[in-house]
**Student:** 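Below are the structure tokens for one structure; questions will follow.
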Amino acid sequence: MPITLFGQKGDFTWVFGDSCGLKFSSTQSDPVFFRTPIPKRIGNNENFASISDSSGNLLFYLGYAPGFSQISTSSHQAMDSGSHLSTNSSVTNGAIIIAVPNAPNLYYLLYINSRYFYYATIDMGKNNGKGKVINKDNYLYQPPLGENMDEKLMAIRHGNGVDWWVMIHKSNTNQFIKYLVTASNISGPYFQRIGTSNGRGYAPSGEISANPNGNKLATVTGNGLIELFDFDRCTGELSNPISLGHDKPQYDLAKEWDNFFYGCSFSPDGSKFYVSNTWELYQFDLNEADIKASKTLVWKHPERNIHNVIGQHQLGPNGKVYIAHWVVIPHKYNQSLSVIHNPNEKGQASNFRSANFFLEGQLSNYGLPNFPNYRLGALPLPPADAGPDTQTACAADSVQIGGPPQPHCLYAWSPSEGLSDASIAQPWASPETSMAYVLTIIDTTRSCRNVNTDTVWVEVQMPVPSFSVEAGEGDTICPGAAMRLGLPPVPGYRYRWWPGEGLDDPLAAQPLARPEQSQYYYLTVTDTRRVCDHIATDSVWVEVHQPQLAEAGPDVKLCEGKEMVEVIGTPGMADWTYSWSPPIGLDDARQAQPQVFTQTSMVYHMTVVKDTFCISHDSVLVTVEPCEHIYLPNAFTPNGDGLNETFEVINLPRNCHLQVWNRWGNLVFQSADYQNDWRAEGLSEGVYVFRLVTADGREYTGSVTVMR
């Protein structure tokens, strides 16, 4: 939105008091004093207003010639048609100047007296830039008969950064009267009752002030009221009144001057609020939970009399607060301005200096120019976040747009075609063609400047030819062995294998696989150089052989000096290869179950091989020892070849009781006087469990293998 041309330097030149002028060159420097050629007047000079151009040079001001008020030019002459306005010098905040919104060269001077609220229109395009008052004493408000106006007038820029809210206050009430100044007109009055009725006596006196952000407003009165309000720059509404002074107007004449609060101001950052009565300056810390309790005395006037009192406050563009004084005769206080050099700081750290800025013999006499904050801009718009400026989606695919949702906000996307929901912060977009989506966000907590927009371009890319990948050739491995999958990596490709168990690196192009069981490995490859159809997959089968474990059988005992043959090992498989070492004492070292007839104790090692790579090992101990004790065989072969036909117990005593069970626990044979004659008739090959008990109570148990 356009901003009027005097811009941010409307308060760079001050004209006030008896022929006093200050000129600020920047927001970082102290002002320079200059005299104005206006005759001195002795009296309560309070009501001043001035305005500067975009460079900070004086345009015009409201001043006083002997006996009347007038609008003066930058050369300190009466402006064309600018004399004899219906105001006077003895009004606290009696006048203020604002530019007509979006109207170059046009300004309003708004002013009050005890009965009426007026405005004048000044056209600075007239008279070669000297200006002309094209109308004056235009009525804006006249209170009912018997009622008066307070000496309070303030302007705060509207939340849109262009228009202005203007406020006055009615005496002996709690009623604010507000106007809205726009490019087309001054609308109002709008009435609002809030806060405390200011009573009688000196109540009309005292300043009204707004903080630099325009969201707080404060008033003080000559009968001890100090009130702080929140202000809505969009609606012009005041709220949340806080009393910082007396809860009721004071009428105690004995304390009349102690209760006479007249000046007030805010610090540049809005954290501190300053008020002054006749002889004392106080600070309130607005960051404290109990603002009223934060009241701190900053300075007490050393000359406590009603002829030497503290006057108006004004925050300068350099961030310092300037304070005028009224003294009945020329004195160091009314020939100087006091200054709060660091008003953002607490208490004495604010660095107040009395009579600190010398006016070169001229007199301030209570008043300083009444300025609004010309540097106050529009309220910030609510954040609208459509996401990255450009998003890419593949045809028939979706992409999420927008940013995280904000509280108290409404969302609307346009167009709505292709969106999952056009009323949420982050919808999914599936447009058929490339297009722009515009997000409009509405902050429901605001009454103005609550709408913002943002745009995202969704680029729809059509499919590109697919590509192929190779997971490698499958193979067969033994448990614990490893094989390498895939092919060498390709630049720009991203690899991922699944499942990751058994792989040394699931993100490598050629990981080593060491699975525990046979399984597929799936490969997904992403071509990061592409956008659409950029993923290809393949799989590979890895066979893990589960080998027959080598079983050399239980240890064997042979009788020393006797021709005995035993079988070692267990039944084998046709497609497995068996070997025993050493081969000495074996009938065939390449059988799964060779016969052993060695006469020397030794360990035989069995090796089982499947497909030349799955290898298993086991061993058996063959012991040759004297046979006076009972020897129980672990196998026999009742196959009719005449060898090892029965379950023959060596050194079998008489009257031995033998019992035999199959693997299901069924008793298949028993004899109370075993004669080495059990041939396992009718029984199948396999392992059987036996129990042999001698006549003297010795018990032998074990297993025997029947082989046909």
Side-chain angles (χ1 to χ4, degrees), residues 3-17 20-34 36 46-63 71-74 76 92-101 106-111 122 124 131 153-158 161-162 164-167 181 207-214 217-218 263-270 274 311-324 337-341 343-344 357 359 364 367-377:
I3 300 296
T4 36
L5 292 178
F6 68 78
Q8 299 182 350
K9 296 185 178 181
D11 59 349
F12 268 43
T13 304
W14 299 11
V15 179
F16 61 96
C20 295
L22 298 182
K23 176 64 182 295
F24 292 84
S25 59
S26 72
T27 58
Q28 306 298 320
S29 62
D30 290 332
V32 175
F33 177 81
F34 66 91
T36 64
E46 304 172 67
N47 185 14
F48 298 99
S50 55
I51 186 75
S52 302
D53 63 16
S54 60
S55 299
N57 298 314
L58 181 65
L59 284 174
F60 63 90
Y61 60 93
L62 175 66
I71 299 175
S72 299
T73 67
S74 60
H76 310 290
T92 307
N93 295 130
I96 200 164
I97 301 170
I98 58 175
V100 178
L106 290 183
Y107 298 85
Y108 288 133
L109 170 67
L110 300 119
Y111 49 100
I122 297 93
M124 290 305 297
L153 170 60
M154 175 51 60
I156 300 177
R157 197 182 294 276
H158 191 279
V162 177
W164 292 90
W165 290 105
V166 177
M167 279 163 289
V181 180
E207 284 193 276
I208 183 172
S209 181
N211 71 344
N213 288 333
L217 182 142
C264 67
S265 58
F266 287 89
S267 63
D269 67 0
Y274 294 87
Q312 292 181 17
H313 301 195
Q314 182 58 54
L315 176 62
N318 62 351
K320 299 181 180 181
V321 175
Y322 294 84
I323 299 177
L337 297 178
S338 294
V339 183
I340 306 176
H341 287 271
N344 292 331
F357 189 93
L359 299 177
S364 64
L368 291 172
N370 186 19
F371 292 113
N373 183 2
Y374 296 119
R375 284 171 288 281
L376 184 59

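A quick note: this is a predicted structure, and the numbers were derived from the prediction, not measured. FYI, side chains are in, hydrogens and waters are out, and symmetry mates aren't considered; it's all heavy atoms of this structure.
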**Student:** Over all heavy atoms of both residues, which pair between Ile51 and Leu58 is shortest? Give the atoms and the distance, please.
**Tutor:** O-CD1, 3.7 Å

**Student:** Holding to side-chain hydrogen bond (donor to acceptor under 3.5 Å, both in side chains), I want the full list of residues that pass it with Lys320, two or more places apart in sequence or in another chain.
**Tutor:** Asp30, His341

**Student:** With side chain to side chain contact (heavy atoms under 4.5 Å, CB included) as the test, would you mind laying out the steps for Val32 and Phe34 before giving the verdict?
**Tutor:** CA-CA 7 Å; Val32 175; Phe34 66 91; over 6 Å; no

**Student:** Would you call Pro101 and Val181 a side-chain contact if the rule is heavy atoms closer than 4.5 Å?
**Tutor:** yes

**Student:** For Leu59 and Tyr107, run side chain to side chain contact (heavy atoms under 4.5 Å, CB included): C-alpha distance rounded to whole Å, both residues' side-chain angles, the deciding distance at 0.1 Å, then the answer.
**Tutor:** CA-CA 11 Å; Leu59 284 174; Tyr107 298 85; 3.5 Å; yes

**Student:** Please work out whether the ring planes of Tyr322 and Trp14 are parallel, tilted or perpendicular, with thresholds of 30° and 60°.
**Tutor:** perpendicular

**Student:** Check for me whether the distance between the ring centres of Tyr274 and Phe266 falls short of 6.0 Å.
**Tutor:** no

**Student:** Take Asn47 and Leu62, measure what side chain to side chain contact (heavy atoms under 4.5 Å, CB included) needs, and give me the verdict at the end.
**Tutor:** CA-CA 8 Å; Asn47 185 14; Leu62 175 66; 4.2 Å; yes

**Student:** What are the two closest non-hydrogen atoms of Val15 and Phe48, and how far apart are they?
**Tutor:** O-CB, 3.7 Å

**Student:** Go through the structure and list residues passing side-chain hydrogen bond (donor to acceptor under 3.5 Å, both in side chains) with Ser74, not counting sequence neighbours.
**Tutor:** none

**Student:** For a 4.5 angstrom cut-off between non-hydrogen side-chain atoms, does Leu22 reach Phe357?
**Tutor:** yes

**Student:** Is any side-chain heavy atom of Phe24 less than 4.5 Å from a side-chain heavy atom of Lys9?
**Tutor:** no

**Student:** Taking only residues two or more places apart in sequence or in another chain, which ones pass side-chain hydrogen bond (donor to acceptor under 3.5 Å, both in side chains) with Ser265?
**Tutor:** His313

**Student:** One pair to check against side chain to side chain contact (heavy atoms under 4.5 Å, CB included): Phe33 and Leu359. What are the steps and the verdict?
**Tutor:** CA-CA 7 Å; Phe33 177 81; Leu359 299 177; 3.8 Å; yes

**Student:** Please answer whether the main-chain N or O of Thr92 pairs with a side-chain N or O of Glu207 as donor and acceptor at a distance below 3.5 Å.
**Tutor:** no

**Student:** Roughly how far, to the nearest 0.5 Å, is the CZ atom of Phe12 from the OG atom of Ser26?
**Tutor:** 6.5 Å

**Student:** Under 3.5 Å, side chain of Thr13 to main-chain N/O of Gly56, donor-acceptor pair present?
**Tutor:** yes

**Student:** Please report the closest heavy-atom contact between Pro343 and Pro268, naming both atoms and the distance.
**Tutor:** CG-CD, 3.5 Å

**Student:** Do you know which two heavy atoms are closest between Ser364 and Cys20, and how far apart they sit?
**Tutor:** N-SG, 4.4 Å

**Student:** Hey, are the side chains of Asn318 and Thr27 touching, using non-hydrogen atoms and a 4.5 Å cut-off?
**Tutor:** no

**Student:** Within a strict 4.5 Å, meaning less than it, do heavy atoms of the Phe60 and Ile122 side chains meet?
**Tutor:** yes

**Student:** Under a 4.5 Å cut-off applied to non-hydrogen side-chain atoms, are Glu46 and Asn93 in contact?
**Tutor:** no

**Student:** So which heavy atom on Leu109 is nearest to which on Ala49, and how close?
**Tutor:** CD1-CB, 4.4 Å

**Student:** Would you say the side chain of Phe371 lies within less than 4.5 Å of the side chain of Ile96, judging by non-hydrogen atoms?
**Tutor:** no

**Student:** Would you please say whether a donor-acceptor pair under 3.5 Å links the side chains of Lys23 and Asn57?
**Tutor:** yes

**Student:** Has Asn370 got a side-chain atom pairing as donor or acceptor with Gly94's backbone, closer than 3.5 angstrom?
**Tutor:** no

**Student:** How long is the gap from OG on Ser52 to CD1 on Ile97, to the nearest 0.5 Å?
**Tutor:** 9.0 Å

**Student:** Counting distance only, does the side-chain N/O of Asn211 pair as donor-acceptor with the main-chain N or O of Gly270 below 3.5 Å?
**Tutor:** no

**Student:** Is it the case that the side chain of Gln314 and the backbone of Leu368 share a donor-acceptor pair, with hydrogens and angles ignored and the cut-off at 3.5 Å?
**Tutor:** no

**Student:** So which heavy atom on Phe16 is nearest to which on Pro369, and how close?
**Tutor:** CB-CD, 3.8 Å

**Student:** Check whether any side-chain N or O of Arg157 sits under 3.5 Å from a backbone N or O of Tyr374 as a donor-acceptor pair, and report yes or no.
**Tutor:** yes

**Student:** Does any non-hydrogen side-chain atom of Val166 lie less than 4.5 Å from one of Tyr108?
**Tutor:** no

**Student:** Between His158 and Trp164, is the ring centre distance below 6.0 Å?
**Tutor:** no

